[in-house]
Amino acid sequence: MEGLRLTPFKEDWSEAKERFKAWWDGEVIDRPVIQAFAPIKGLISAGAWDGWSFMRYPEDLTIGIRGFERVCEETFYGGEAFPNLHINLGPGVMAAYVGAVPRFISETVWFETPKSWTELRSLEYDLDNRWWRLTQRVASMALKVSKGRFIVGTTDLGGILDVAASLRGSNNLIIDLFKHPGEVKDLCGQLVDLWHRYYEGLHSIIAARMEGSSAWMGLWSPKRWYPIQCDFSAMMSPKQFQEFALPYLREQCQRLDHTVYHWDGPGQIPHLNHLLSIPELNGIQWTPGAGQPGVDSLAWFPLYRKIQEKGKLLVLLGADRRSVRFLLKELPHKGLLIRTSCITEEEARSILEDAEKI
């Protein structure tokens, strides 16, 4: 196993690692977990700091990995920010592993040709699937190139119902909840088992060469962790969420060591009580969605308080750099994680110094 030094990109990794460990345990060492990214030379854009898309160059992996290294060289990783190469082959790529046909457009992927229930009753773990083999190849190559200088994170497998929607088609799946509830549950049962086979298969490759685990959300854990989700639930009632989503989310929480739910948009707000009812769920990451106030808005504070009062970790990604001090003063520090992008390295360091004082 490669030692995780992260040098020369992040000299204070050992300190950041201890804060992450304490954070997962619900403890605070001296301040909340803060990830402050900034350009060293002012040459990169904010969107480049979270990884590198292999959708651009699926047949030439070297271009993607070398491109990510250039990003690392130009980035200041302040606090608990770290160079995280998550294997980005598109959101919910597990659908491609089990037979969905992916169509890559710009920085996302669409799945075509909805499958019939007859086809979906015989899903298998296909070792020879083109996209699964590509994912493993990217992971192995990235780990070899990394040599402990950056972290390689698990690919975006997707949520269980989200993968089901890719296989059936979202509109079809909405109708299926009413007309074919048994088939939906059987499909989700198959998918959750396959999901964990793919997760463990990829994790075993990464764990053999790297300490701990990461994923697209850009958090590190010393154990097996993953951001679980159900974006499809924005179209579901709380009763449907309880019936069709909650059992599989809880199973994922039970089968992984650490989990954070990717809570995406106002359409998912009605499901908060059900999410908080999962004892094994460690935390929730709130994404307000397009056209909504940012994560630092007072509009969301009642939700934050409810999450923290239940003892769950609260993950706020994309906070405005000018609002970090406000968030630190207004929110309990226990279990809090804030990510922000700064204009300069000096500004990022100033935010971290203020956090320790507050």
So [Y] and [X], do their side chains get closer than 4.5 Å, heavy atoms only?
X    : Y    : value
L256 : H196 : yes
F232 : L177 : yes
S146 : L85  : no
I358 : H333 : yes
E280 : R250 : yes
D176 : L173 : yes
W24  : P222 : yes
D231 : P91  : no

Salt bridge or not between [X] and [Y]? Use side-chain N to carboxylate O under 4.0 Å.
X    : Y    : value
R70  : E74  : no
E345 : R349 : yes
R19  : E15  : yes
K21  : E27  : no
R31  : E80  : yes
R255 : D193 : yes

From [X] [atom1] over to [Y] [atom2], what is the distance, rounded to the nearest 0.5 angstrom?
X    : Y    : atom1 : atom2 : answer
H262 : I284 : NE2   : CD1   : 12.5 Å
M235 : L161 : CE    : CG    : 9.5 Å
D162 : D264 : CG    : CG    : 9.5 Å
S214 : F20  : OG    : CZ    : 8.0 Å
D320 : F326 : CG    : CZ    : 12.0 Å
C188 : E251 : SG    : CD    : 11.0 Å

*Classify the ring geometry between Y198 and Y97 as parallel (under 30°), tilted (30 to 60°) or perpendicular (over 60°).*
tilted
Distance-only, no hydrogens or angles: does the [X] side chain make a donor-acceptor pair with backbone N or O of [Y] under 3.5 Å?
X    : Y    : result
S237 : Q240 : yes
N129 : A96  : yes
T155 : I87  : yes
K10  : P83  : no
R339 : A81  : no
E183 : W117 : no
K179 : I174 : no
D156 : G90  : no
H258 : S221 : no
S297 : G294 : no

*Report the residue from W23, W13, W225 that forms a side chain to side chain contact (heavy atoms under 4.5 Å, CB included) with W220.*
W13
*Among Q285, Q268, Q252, which residue meets the side chain to side chain contact (heavy atoms under 4.5 Å, CB included) test with Y261?*
Q268
*Decide whether R224 and T154 meet the rule of one side-chain donor and one side-chain acceptor closer than 3.5 Å.*
no
_Side-chain H-bond candidate by donor/acceptor type, E347 with T344, under 3.5 Å_ = no
Test of ring centre spacing under 6.0 Å for [X] and [Y]:
X    : Y    : answer
Y226 : W195 : yes
Y77  : F37  : yes
F9   : F82  : no

*salt bridge (charged side-chain N to carboxylate O under 4.0 Å, His left out) between R66 and E69, worked out*: CA-CA 5 Å; R66 297 304 181 193; E69 286 186 295; 2.8 Å; yes
Write down the atom of [X], the atom of [Y], and the distance for their closest heavy-atom approach.
X    : Y    : answer
I205 : A139 : CG2-CB, 4.3 Å
M217 : P227 : CE-CB, 3.4 Å
A319 : T340 : O-OG1, 2.7 Å
L194 : L123 : CD1-CB, 3.9 Å
P114 : G169 : CB-N, 4.2 Å
C342 : A36  : SG-CB, 4.5 Å

Common cluster, [X]/[Y], ILVMFWY with side-chain heavy-atom separation under 4.5 Å:
X    : Y    : result
I269 : L314 : yes
L276 : W286 : yes
W263 : F301 : yes
Y125 : L89  : yes
L328 : L331 : yes

*Can S350 and R325 be said to form a side chain to side chain donor-acceptor pair (under 3.5 Å), step by step?*
CA-CA 10 Å; S350 176; R325 294 175 181 86; 3.3 Å; yes
Check the surroundings of atom [atom1] in [X]: do more than 12 heavy atoms from other residues, nucleotides or ligands lie under 6.0 Å from it?
X    : atom1 : answer
Q292 : CD    : yes
N171 : CG    : no
R133 : CZ    : no

*Run the numbers on L336 and L316 for side-chain contact (heavy atoms from CB on, under 4.5 Å), then give the verdict.*
CA-CA 8 Å; L336 179 62; L316 303 179; 4.2 Å; yes
*For V295 and T287, what are the C-alpha separation, side-chain angles and deciding distance, and is it a side-chain contact (heavy atoms from CB on, under 4.5 Å)?*
CA-CA 7 Å; V295 295; T287 297; over 6 Å; no
*asked:* One pair to check against side-chain contact (heavy atoms from CB on, under 4.5 Å): F150 and M210. What are the steps and the verdict?
replied: CA-CA 10 Å; F150 56 80; M210 192 189 81; over 6 Å; no
*Report the C-alpha distance between L191 and L167 in whole Å, list the side-chain angles of each, state the deciding distance to 0.1 Å, and finish with yes or no for side-chain contact (heavy atoms from CB on, under 4.5 Å).*
CA-CA 11 Å; L191 290 175; L167 294 169; 4.0 Å; yes
